[in-house]
Structure formats: C-alpha cells, structure tokens
Amino acid sequence: AVAYTNIIDIHARSGFHERAVQLFNEMREMNVQANIANYNSMLDCLGKAGNVKAAYMLFDEMKLCGCVPDLKTYSIMMCIHARLGLKQICLQLFEELQKAGLKPNTPILVAMIDCLGKAGNFNAAWSLFSEIKEQGYALDVVCYTRIIDICAKCGHYKQALEVYMELERKGLEPNVFTYNALIHCLGKSGDATAASNIFCEMKRRGCKPNIVTYNTLMDLYSKAGKPELSLEVFTGLEGGDIQPD
RNA sequence: AAAUAGACUGGU
C-alpha cells in the first residue's frame, strides 16, 4: 500500500493524472485498502483530468467505505467544482463540512468566492471576501492572487487592482502568479501600457517571468494591435532559459 | 504531525 501510494503521488505530482487514476484502480483490484490520503490525491487527479463527475462518485464511495472526509477532501472537492461555477454543489459541500464539525479554512472560503464569481454572482463574492477579512482570517498570497484573478475574470478590473494594492499594504510578497494574473487583468481591461509597466516592475523587484508571463504578454499585445511588441517579446526569449512552447 | 488539498496564459 505504501509503495502504491508513493508511485501514485509521483504520477499525480508530475501531471500524469490519468495514469495515477489507473494505478489507484489497480491498487483496489488487488484489495489494498485505500486511506484518506489516497482518496484525497485521487479526487484531485480526477478533478485535474476534467472528470468532475467521477470525483463526485469517488467522494460518495469513500464515505460509504467509512473513510471520513477531512478539510483537504472538502477543499479539493470545492475547488474542482468552483472552477466550473457549480455553485449548488459548492454550497452543499460547504454545509456538509460544517455539519461534520469541520471549520472552513481559507482555501475553502476562497473556493466559495470563486464559485460565486463564476456563477455570475460577483457582489456576493465580493461581500464574502469582506466578511472573511472582518472575521480575522489571515489570507496569504495564494488567496489574494486567486481573488485578483476571480475579479478579473468577472470583468471587475478595478476591484482586482484594489485587491492587489491590499496585498501590498499587508506586506505580502507578490509572486510570479500574482504578476501574471495582474498582467492578464490589465490586458483584458485594454490597458497594454499598464501591463507593460507591471512586467517591468516584476523584473525590477526580482521576480522572474515564466512562460505564462510571456504567453500572456504576446497575446495581449497582438490583441491590442501591437504585433511589433508581441514579436519583441518573442525574440526576447531567444538566448534566455525559457523555451517557447 | 510518513505520503495527499488552494492561484496565472495561449480561440482550452
């Protein structure tokens, strides 16, 4: 069982979600009892592989097998459903975990914000964000970055920037995900110049751009009718340590 | 506190 667990998790971490699921099934065929960690990592794999329905079935199955879902289980389940804007399921999971005596943590609360936003309920998402802060939850960079992205995806660019300023005010260090989300947000809002400025700022502050950064910039420049700049980004990749994909 | 959870792009 330990061997299976490790091999499965190695596949899961390297992005081979389908293979990890296969191994999990193999493990069960051999009547090896799955534990909470196996179930959690499988739910995550199924979600990442886009098989949310199967994840839900496995979630029911684990409960039937007497395996009690923990905070990570709920966090995984809520995140994969939130991505698709499946608000009802998220709400149901959210109630269920509280009935089970678990206390929602920040990843779970951000999943709620995410599903509200994706379901087109931005005001509710924004109030939940305020409420969480009032209740004294300490949000980290990941939470802030996700919220910036959620606002941007809802088309609320101004709020996205507000959240970014708040992150800075809290003394949190933006990372490459944060900058990428911001650049994307500014591009969508039609402000290619501001996006360029953020790109310069991230470099100035010692944050190394990655492939996502470059793809985002190239995309926004060409959409802004500035193919020269897009090409400039591309040629700038030459001689660097990032391979265009 | 063995191993498992949350964030970014390109018509996805």
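Each chain gets a letter, A, B and so on, in the order the sequences are listed, and its residues count up from 1.
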Using atom [atom1] in both nucleotides, what's the gap between [N] and [M] to the nearest angstrom?
N      : M      : atom1 : value
G11(B) : A7(B)  : C1'   : 23 Å
C8(B)  : U12(B) : P     : 15 Å
G6(B)  : G10(B) : C1'   : 23 Å

Grab the [atom1]-[atom2] distance between [X] and [N] for me, whole Å please.
X        : N     : atom1 : atom2 : result
Lys72(A) : A2(B) : NZ    : P     : 10 Å
Asp70(A) : A1(B) : CG    : C1'   : 13 Å
Asn35(A) : U4(B) : CG    : C1'   : 9 Å
Ile36(A) : U4(B) : CD1   : P     : 14 Å
Asn40(A) : G6(B) : CG    : P     : 11 Å
Ile10(A) : A3(B) : CD1   : C1'   : 10 Å
Met27(A) : U4(B) : CE    : C1'   : 12 Å
Met77(A) : G6(B) : CE    : P     : 14 Å

Any salt bridge (Lys or Arg N to Asp or Glu O under 4.0 Å) pairs touching [range], not counting sequence neighbours?
range                       : value
residues 31-59 of chain A   : Asp44(A)-Lys48(A)
residues 214-231 of chain A : Asp219(A)-Lys223(A)
residues 124-138 of chain A : Lys133(A)-Glu166(A)

Going 5' to 3' along nucleotides 7-12 of chain B, which nucleotides have protein heavy atoms under 4.0 Å from the base (write B), which only from the sugar-phosphate (write S), and which from neither (write -)? BBBB--

What pairs with Met165(A) under side chain to side chain contact (heavy atoms under 4.5 Å, CB included), at least two apart in sequence or on another chain?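 Partners of Met165(A) under the side chain to side chain contact (heavy atoms under 4.5 Å, CB included) test: Arg169(A).
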
If we count only N and O atoms by modelled type, under 3.5 Å, do the side chains of Ser41(A) and Asp9(A) hold a donor and an acceptor together?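 Ser41(A) vs Asp9(A): donor-acceptor pair found between side chains.
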
Sequence neighbours excluded and cut-off under 3.5 Å, please list the side-chain donor-acceptor pairs for residues 12-22 of chain A, or say none.
| unit_1 | atom_1 | unit_2 | atom_2 | d |
| --- | --- | --- | --- | --- |
| Ser14(A) | OG | Ile10(A) | O | 2.6 |
| Arg19(A) | NH1 | Gln22(A) | OE1 | 2.6 |

Just to be sure I understand the rule, does Asn38(A) reach a base, reach only the sugar-phosphate, or reach nothing, if contact means heavy atoms closer than 4.0 Å?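 Nothing: the residue Asn38(A), judged by heavy atoms under 4.0 Å, touches no strand.
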
Just checking Asp140(A): base, sugar-phosphate only, or nothing, at a heavy-atom cut-off of under 4.0 Å?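 Base contact.
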
If the plane angle is over 60° it's perpendicular, under 30° parallel, otherwise tilted; pick one for Phe122(A) and His156(A).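 Plane angle under 30°, so parallel.
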
